[in-house]
Amino acid sequence: MEEENELIALRRQKMDALRARGVAPFGQSFETSGSVAEVREKFSEGTPLRAAGRITAHRDMGKSHFLDLRDATGRIQIYAQAKELGPEATEIFGLLDLGDFIGVEGTCFLTKTGEPTLKVHRFEVLAKTLRPLPEKWHGLTDVEACYRQRYLDLVTNERSREVFANRIAIVRETRRFMESRGFVEVETPMLQTVAGGAAAEPFRTHHKALGIDLYLRIAPELYLKRLLVGGFNKVFEVNRNFRNEGISRRHNPEFTMLEAYWAYANFEKIADLVEELICHLAATIIGSLQIEHHDAEGKVTRTINLTPPWRRARYRDLVCEVAGADWFGLTSEERRAQAHLLGIEIQPQMADYEVTQHIFEKLVEEKTYDPVFVTHCPKELVPLAKQNAEDDSLVDVFELIINGQEIAPGYTELNDPFVQRQRLLEQAGEETQKIDEDFLLALEHGMPPAGGVGIGIDRLTMLLTGAESIRDVILFPLLKPKQG
RNA sequence: GCACCGCUAGCUCAAUUGGCAGAGCAAGUGACUCUUAAUCACUGGGUUUCAGGUUCGAUUCCUGAGCGGUGCACCA
């Protein structure tokens, strides 16, 4: 990492020159009037204010200089004059570079173009930067560099700052909303002896003192349900799940999930809750229920309409809409032929319900942008939900689809310990060590009927911010380390 | 895991059929007291991701590797 080039060498020399003048290149605390955005809010001509940030532009007019000072909240122009600073400070000023952190004390004034500006009386060097910033106009565009060096992306790209500000707001507003509905936030184990609650491949680790293998959780579900057994009526958790599977535009090995359980409710009440939550987030954070996605040139590529009430449709009806009204009357062979006609590739070993599911994914899910709650799914697809009282081939669940993706599955939760054991056994097959006996024991002590839901916060953020890749909404997505 | 594509200065991008590797920003020097992608003049800056190969000559063609992107596969 000892790369040395002309640019870095020069900055080192400036750092040394600062030291030679008795200026610490990496300074101490600095009292400010607030963040850059707050300084702008407090701006009033003639008022003295103090601001700190990075220098991101320098317009040198000879005896006077205009600089942009920037932090994550915004930008403010500062104005420095040799006459005002005096000869000593002017010399130190000359040792500053783009990217350096400085703190300034100055008086508010408006330039003749009306730009709010701080006229600098005094400044302090807070941190010298040894490496140059990316180009000021295009910013950092190399996607790999944006992910590996997110700080540079954040410093130079307004769009990236906006996406992450929105993500932060989504998580904050989600917590507020859930609490306002009487849900309490809890923390359940990340390290689990049995990785339950989903059918994903877990990450494995080891506890030395106990001498046992542990798993990073793939879902918090079975612990949140234990809390229903313990008498909590409304619980939620917003935290990370870990799945040891492929990485793609829609998958990161660690991702954030809101999971919530509501005693005495069912999937329909949960659907209402989810609809209200997402509309609340869109209205308060994006400012509209019409979510526009744009391409690189800024043209609108898609508008998602979140105006409630959202469509609720049965799985069966949605499949018939795309595959023909008689789909479920067809024989196994006829269905495969029909799928082929529709341009869907079917592997010969697929079961009939998988053929239907494949049709559903390709022709319904991937083409559905406005929200749809898909209800009455076949039980094979969702083994942990309660069966429908009238038709036991169906389960009482919804799959919420927006933006061509599954955003949230919601269930009426299974609380019969016998049926639950049987389902878990079917799912585990030979691998009985995968059965969470402690959870089944809890169920035998009685879990109230309940509704539950999991919402992928990353995908929800993609939907609301128009990001095309999950890596664009995760500050530090997992990448292979660079070698050499 | 498979397929296709990409990798050139700190950053953003050029380089015709294989023929001296260029520009803008950033940097350095100089000019300029209201600029805001400031402007003007001059200057420096390269192991073309890496390792091989073909060739008089490779950023360019071939083989392999690394990392990334997209799609497929995987994924309740």
Side-chain angles (χ1 to χ4, degrees), chain A residues 3-11 13-14 55-70 75-84 94 97-99 109-117 119 129-149 152-153 155-157 196-202 218-219 221 241 243-253 255 345 347 353-354 357 361-362 377-385 395 397 399 405-406 408-409 411 423 426-427 454 456 468-469 471-472 477 479-484:
Chain A
E3 298 165 60
E4 188 70 358
N5 66 31
E6 181 201 10
L7 299 173
I8 295 172
L10 268 160
R11 284 171 178 242
Q13 286 167 24
K14 289 182 185 174
I55 303 168
T56 55
H58 181 192
R59 295 174 289 279
D60 178 356
M61 309 288 300
K63 292 198 178 68
S64 64
H65 303 253
F66 291 91
L67 297 91
D68 288 346
L69 213 57
R70 164 148 250 162
R75 177 198 75 92
I76 190 154
Q77 177 168 269
I78 62 172
Y79 176 60
Q81 275 179 304
K83 196 176 72 183
E84 179 76 30
D97 283 302
L98 293 187
F109 79 105
L110 289 174
T111 65
K112 71 178 185 189
T113 54
E115 172 91 22
T117 304
K119 184 175 186 178
T129 55
L130 297 177
R131 290 172 187 267
L133 288 176
E135 206 231 7
K136 64 181 176 187
W137 186 238
H138 300 90
L140 192 65
T141 64
D142 180 275
V143 290
E144 183 178 356
C146 286
Y147 299 151
R148 288 190 195 278
Q149 296 182 279
L152 294 179
D153 177 39
V155 169
T156 58
N157 295 325
E201 182 70 25
I218 54 177
E221 174 162 343
N241 289 343
R243 297 188 181 177
N244 203 345
E245 284 159 2
I247 296 176
S248 79
R249 206 159 60 81
R250 298 187 183 80
H251 299 85
N252 194 62
F255 61 99
E345 221 179 291
Q347 311 292 331
Y353 80 88
E354 289 175 315
Q357 175 62 6
E361 283 173 5
K362 297 290 170 196
C377 297
K379 69 173 181 195
E380 292 88 350
L381 296 176
V382 203
L384 294 192
V395 280
V397 305
E399 296 283 353
Q405 293 185 40
E406 185 191 323
Y411 302 174
R423 297 269 188 89
E426 283 163 12
Q427 191 193 345
E468 294 298 330
S469 169
R471 296 178 199 95
D472 295 329
L479 300 183
K480 259 195 183 183
K482 278 270 198 199
Q483 296 179 348

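Sequence lines set the chain letters: A, B, ... in the order given, protein chains first and strands last, and positions in each chain run from 1.
Nucleotides B:A58 and B:C40 place their C1' atoms 40 Å apart, quoted to the nearest Å. Remark: the separation of the P atoms in B:U70 and B:C25 is 32 Å, to the nearest Å. The same atom, P, is picked in B:A15 and in B:U63; the two are 23 Å apart, to the nearest Å. Nucleotides B:U17 and B:G52 place their C1' atoms 26 Å apart, quoted to the nearest Å. B:A26 sits 15 Å from B:U43 when the C1' atoms are compared, rounded to a whole Å. Look at the C1' atom in both B:C11 and B:C5: the space between them is 23 Å, to the nearest Å. Across B:C62 and B:C2, the matching C1' atoms stand 22 Å from one another, rounded to whole Å. Only the C1' atoms considered, B:G22 is 35 Å distant from B:G71, to the nearest whole Å.
Taking atom CD1 on A:Ile76 and atom C1' on B:U35, their separation rounds to 15 Å, with Å as the unit. When rounded to the nearest whole Å, the span between CG of A:Leu152 and P of B:C11 equals 9 Å. We find that CD of A:Gln13 is positioned 11 Å from P of B:G28, with the value rounded to whole Å. Per the geometry, CG belonging to A:Asp60 stands 14 Å off C1' belonging to B:C34, to the nearest Å. The interatomic distance linking A:Lys83 (NZ) with B:C32 (C1') rounds to 16 Å, in whole Å. The interatomic distance linking A:Asp142 (CG) with B:A9 (P) rounds to 11 Å, in whole Å. Residue A:Glu135 contributes atom CD, which lies 9 Å from atom P of B:C25 at whole-angstrom precision. The nearest whole Å value for the distance from the CG atom in A:Leu140 to the C1' atom in B:G69 is 15 Å.
For the pair A:Ile55/A:Leu69, a side-chain contact is recorded, criterion being any heavy-atom separation below 4.5 Å from C-beta on. Proximity of A:Arg11 to A:Pro132: side-chain heavy atoms (C-beta onward) are separated by under 4.5 Å at one or more points. Contact annotation: the side chain of A:Arg471 approaches that of A:Ile247 to within less than 4.5 Å [non-hydrogen atoms, C-beta and beyond]. A:Phe66 is listed as a side-chain neighbour of A:Thr111, based on a closest heavy-atom distance under 4.5 Å. At least one side-chain heavy atom of A:Lys482 sits less than 4.5 Å from a side-chain heavy atom of A:Arg148. For the pair A:Val395 and A:Tyr411, the minimum side-chain heavy-atom distance is 4.5 Å or more. Taking 4.5 Å as the limit, every side-chain heavy atom of A:His58 sits out of range of all side-chain heavy atoms of A:Lys136.
For the pair A:Lys136 and B:A37, the criterion of a side-chain N or O lying under 4.0 Å from OP1 or OP2 is not met. One finds a side-chain N or O of A:Thr141 lying less than 4.0 angstrom from the OP1 or OP2 phosphate oxygen of B:U12. Contact annotation: A:Lys482 does not reach the phosphate of B:C50 (side-chain N/O to OP1 or OP2, under 4.0 Å). OP1 and OP2 of B:C34 both lie 4.0 Å or more from every side-chain N or O belonging to A:Lys112. At B:A38, one or more side-chain N or O atoms of A:Arg59 fall inside 4.0 Å of OP1 or OP2 (strictly under the cut-off). In this structure, A:Arg471 reaches the B:G69 phosphate: one of its side-chain N or O atoms is under 4.0 Å from OP1 or OP2.
Listed for the A:Arg131 side chain is no donor-acceptor partner under 3.5 Å among the backbone atoms of A:Gly99.
When the nucleotides B:C32, B:U12, B:A38 are ranked by their closest atom to the side chain of A:Ala57, B:A38 comes out on top. When distances run from any side-chain atom of A:Glu144 to the nucleotides B:G24, B:U35, B:G68, the shortest one goes to B:G68. Each of B:U33, B:G69, B:G28 was ranked by its minimum atom distance to the side chain of A:Ser64; first place goes to B:U33. If you check B:U33, B:C11, B:G28 against the side chain of A:Leu10, the one that comes closest is B:G28.
At a threshold of 4.0 angstrom between heavy atoms, the contacts of A:Leu479 are confined to the sugar-phosphate backbone, with no base atom among them. Residue A:Lys14 is in sugar-phosphate contact alone, with no base atom involved, counting any heavy-atom pair closer than 4.0 Å across all strands shown.
For B:U35, the base has no donor-acceptor partner in the side chain of A:Glu115 [N/O atoms by modelled type, under 3.5 angstrom].
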Give each protein N/O atom lying under 3.5 Å from an N/O atom of nucleotides 71-76 of chain B, with the pair distance.
from: B:G71; atom 1: OP1; to: A:Arg249; atom 2: NE; distance (Å): 2.7
from: B:G71; atom 1: OP1; to: A:Arg249; atom 2: NH2; distance (Å): 3.2
from: B:G71; atom 1: OP2; to: A:Arg249; atom 2: NE; distance (Å): 3.3
from: B:C75; atom 1: O2'; to: A:Glu245; atom 2: OE1; distance (Å): 2.9
from: B:C75; atom 1: O2; to: A:His251; atom 2: NE2; distance (Å): 2.6
from: B:A76; atom 1: OP1; to: A:Ala199; atom 2: O; distance (Å): 3.3
from: B:A76; atom 1: N6; to: A:Gln427; atom 2: OE1; distance (Å): 2.6
from: B:A76; atom 1: N6; to: A:Gln427; atom 2: NE2; distance (Å): 2.0

Would you tabulate the nitrogen or oxygen pairs shorter than 3.5 Å linking the protein to nucleotides 43-48 of chain B?
from: B:G44; atom 1: N2; to: A:Glu6; atom 2: OE1; distance (Å): 2.8

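Enclosure of atom CD in A:Glu426 by more than 12 non-hydrogen atoms of other residues, nucleotides or ligands within 6.0 angstrom is indicated.
With A:Glu406 as the fixed residue, the side-chain contact (heavy atoms from CB on, under 4.5 Å) test singles out one of A:Glu361, A:Glu399, A:Arg250: A:Glu399.
Nearest-nucleotide positions on RNA chain B for A:Arg148 and A:Phe109 put A:Phe109 closer to the 5' end. Take the nearest nucleotide of RNA chain B for A:Tyr79 and for A:Asp68: the residue whose nucleotide is more 5' is A:Tyr79.
Looking at every heavy atom in both residues, A:Leu140 comes nearest to A:Cys146 through O-SG, 3.4 Å. Minimum heavy-atom separation, A:Thr56 to A:Leu133: CG2-CD1, 4.5 Å. Smallest separation of non-hydrogen atoms from A:Ala198 and A:Ile218: O-CD1, 3.4 Å. Between A:Arg243 and A:Ala200 the shortest heavy-atom distance is CD-CB, 3.4 Å.
Pairing analysis of RNA chain B (Watson-Crick: purine N1 to pyrimidine N3 plus N6-O4 or O6-N4; G-U wobble: N1-O2 and O6-N3; both under 3.5 Å) yields stems of 3 or more pairs at B:1-7 with B:66-72, B:10-13 with B:22-25, B:27-31 with B:39-43, B:49-53 with B:61-65.
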